[in-house]
Amino acid sequence: MLVPSCIGAAPRARSGPVSVVVVGATGSIGTTAVTLAERFPERLKIIGVVGRERADPLLEAARRCGANSVVLSEESSYAALKSAYSTFLAKLSSEDLPASRLSLEAGPESVTKLVTRSDVDVVLAAAMGMAGLHSVLAALNAGKRVALANKESLVAGGALVQESLERFGGTLIPVDSEHAALFSLLRNVRFDQVKHLVLTASGGPFLRRAVNTLKEVSIADAVKHPRWSMGAKISIDSATMMNKALELIEAVWLFGVEHQRVKVLIHPQSLVHGMLEMHDGSTIMHASSADMSGPIGSALCFPESIPDLIPSLSLPQLENLVFEEVEGARFPAIALARGALDAGGAACAVLNSSNEVAVHAFLRGAISFDRIVPLVSRALEELQFAAPKTPTELHQVDREVRAKVSEWCSGSF
């Protein structure tokens, strides 16, 4: 098991703030981390930020948190980064002088160099999709602590991540609110006393909508999550509940359990984020406000905590809590995840890659909303590969799946 090996780690005294690199600094998780660094400078110091190709918001993130290194993962974007920096410098005020001495780089090798620097304590892996695996493995191979918000790294590359942890002694701490809740609970119980892990799901924007009307769902409706403010891709995953399917697979890797021991329940209030069903018949719940500052800050500072990180819940907020079984006909993604885990090989990678292609096809108007999960199902049925043993083999599977599913999206499927 990956994360439980960290449970019980003794807090260590710090002479200063935790030194952090944020990969995916302009997304919702990365932006929240930057805000936390501004709120708690005595606890967190972001020294580097990484984005994909959007230079302007990345430079602004660096200015806000005082990072000294800015890296775009797309090497071809370096010229645009330099140009954006020239414009950025012209707008700086005198108190922003530190931002005028930024180190600018681009390309995968530059990302690796940044996340493996000796002065980096924690790498926040918040890049979306398979693209985030590169920096996760690079950091773990250097023995770093990784605060993982990129679930695709474990879904597609779980065996590679596990091998890296075992060989190089890095640490993996979950950032997803559900896994962070389970991680917190598991630190206080004996693992052999746990019968089931329970992930909760809000149900997304279409929990009560008639299934036969999902074909007409608009992009604007699909990204309008009832509880969380997230990027477009993860919002669509929440609407199909593919995000919970991915999180189920992630939990299997994180906590070293069979998928049959991981339950998923609908909980529209999004106050209880995880539960442990114990062998003695009791259930332990982790409840907190729907604020990602909590799991992000806790992961970055683990095993220490930040006082007053998020507002405490009052007991009246916990009345009338609703928990429901997942309706398979409405949310078939959960069953697909369990099937992929049973199938083995590269099935989970196929599920992840095909879903990414299908979601982006919907976002550009190429397919209707109700076609996303059936495309993933078709990919699992028709595209089968042996388990990848190296990142190169995994990326080859990813490319082949993307090519085939893109072809399907362009056809009459």
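Only this structure's heavy atoms are used, side chains among them; waters, hydrogens and symmetry mates stay out. Treat the numbers as computed from the prediction; the structure is a model and nothing was measured.
- Using modelled atom types, no side-chain atom of Ser305 and backbone atom of Cys301 make a donor-acceptor pair closer than 3.5 Å.
- Pairing each heavy atom of Leu341 with each of Cys348, the nearest pair is CD2-SG, 3.8 Å.
- A pairwise comparison of heavy atoms in Val71 and Ser110 identifies CG1-CB, 3.8 Å as the closest pair.
- In this structure, the side-chain contact (heavy atoms from CB on, under 4.5 Å) partners of Arg117, at least two apart in sequence or on a different chain, are Ile47, Asn68, Ser69, Leu114, Asp119, Val120.
- A heavy-atom distance below 4.5 Å is found between the side chains of Leu309 and Phe40.
- When side chains are defined from C-beta on, Met285 does not count as touching Val198, because their heavy atoms never get closer than 4.5 Å.
- Across every non-hydrogen atom of Thr213 and Arg209, the tightest pair is OG1-NE, 2.8 Å.
- Closest approach of His279 and Val194 over heavy atoms only: NE2-O, 3.4 Å.
- Residue Ser153 holds its OG atom at 10.0 Å from CG of Leu160, rounded to the nearest 0.5 Å.
- In this structure a side-chain-to-backbone donor-acceptor pair under 3.5 Å is present from Thr32 to Ser28.
- In this structure, the separation between CZ on Arg54 and CG on Leu59 is 11.5 Å, given to the nearest 0.5 Å.
- Judged purely by atom type and a 3.5 angstrom limit, Ser353 has no side-chain atom pairing as donor or acceptor with the backbone of Val350.
- Put simply, the side chain of Asp176 never gets that close to the backbone of Glu178: no donor and acceptor are under 3.5 Å apart.
- Closest approach of Val264 to Ala201, counting heavy atoms only: CG1-CB, 4.5 Å.
- Here the side chains of Asp221 and Pro205 are not in contact, with every heavy-atom distance at 4.5 Å or above.
- With Thr200 contributing its side chain and His273 its backbone, the two residues share a donor-acceptor pair below 3.5 Å.
- Distance check, rounded to the nearest 0.5 Å: CG of Asn150 to CD1 of Ile29 gives 11.0 Å.
- Put simply, the side chain of Pro307 reaches to within 4.5 Å of the side chain of Arg43, judged on heavy atoms.
- Within the 4.5 Å cutoff, the side chain of Leu172 has heavy atoms near those of the Leu154 side chain.
- Interatomic distance, Asn188 CG to Ile284 CD1, rounded to the nearest 0.5 Å: 8.5 Å.
- With a 4.5 Å cut-off on side-chain heavy atoms, Phe88 and Glu60 count as touching.
- Looking at residues two or more places apart in sequence or on another chain, you find a side chain to side chain donor-acceptor pair (under 3.5 Å) between Arg330 and Glu327.
- When only modelled atom types and interatomic distance are considered, Arg64 and Thr35 share a side-chain donor-acceptor pair under 3.5 Å.
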Show me, pair by pair, the donor-acceptor contacts under 3.5 angstrom made by side chains of residues 379-389, not counting sequence neighbours?
from   : atom 1 : to     : atom 2 : distance (Å)
Glu382 : OE2    : Arg378 : NE     : 3.1
Gln384 : NE2    : Glu381 : O      : 3.4

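- In this structure, the side chain of Lys244 does not engage the main chain of Ala333 through any donor-acceptor pair within 3.5 Å.
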With side chain to side chain contact (heavy atoms under 4.5 Å, CB included) as the criterion, how do Val21 and Lys144 come out once you've worked through the C-alpha distance, each side chain's angles and the decisive distance to 0.1 Å?
CA-CA 11 Å; Val21 166; Lys144 299 293 184 181; over 6 Å; no
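- Ser368 pairs by the side chain to side chain donor-acceptor pair (under 3.5 Å) definition with Asp370, not counting sequence neighbours.
- Under the rule for a ring pair (Phe, Tyr, Trp, His ring centres under 6.0 Å), the partners of His267 that lie at least two apart in sequence or sit in another chain are Phe323.
- Side chain of His179 to backbone of Leu254: no donor-acceptor contact under 3.5 angstrom is found.
- Between Leu375 and Cys409 the shortest side-chain heavy-atom distance falls below 4.5 Å.
- The two residues Leu199 and Ala251 have their closest heavy-atom pair at CD1-CB, 4.5 Å.
- For the ring pair (Phe, Tyr, Trp, His ring centres under 6.0 Å) test, residues two or more places apart in sequence or in another chain that qualify with Phe206 are Phe369.
- To the nearest 0.5 Å, atoms CG (Leu246) and CG (Asn355) are separated by 6.0 Å.
- Residues Met241 and Val373 form no side-chain contact, since every pair of their non-hydrogen atoms from C-beta on lies 4.5 Å or further apart.
- By the 4.0 Å N-to-carboxylate-O rule, Arg338 lies too far from Asp342 to be salt-bridged with it.
- A donor-acceptor pair under 3.5 Å is absent between the side-chain atoms of Ser406 and the main chain of Ala403, judged by distance alone.
- Between Lys233 and Glu152, at least one side-chain nitrogen of the basic residue sits less than 4.0 Å from a carboxylate oxygen of the acidic one, meeting the salt-bridge criterion.
- Here the OG atom belonging to Ser298 is positioned 9.5 Å from the CG atom belonging to Leu36, to the nearest 0.5 angstrom.
- Side chain of Asp237 to main chain of Asn243: no donor-acceptor pair is present (N/O by atom type, distance under 3.5 Å, no hydrogens or angles).
- The closest donor-acceptor contact from the side chain of Ser77 to the backbone of Ala80 lies at 3.5 Å or more, if one exists at all.
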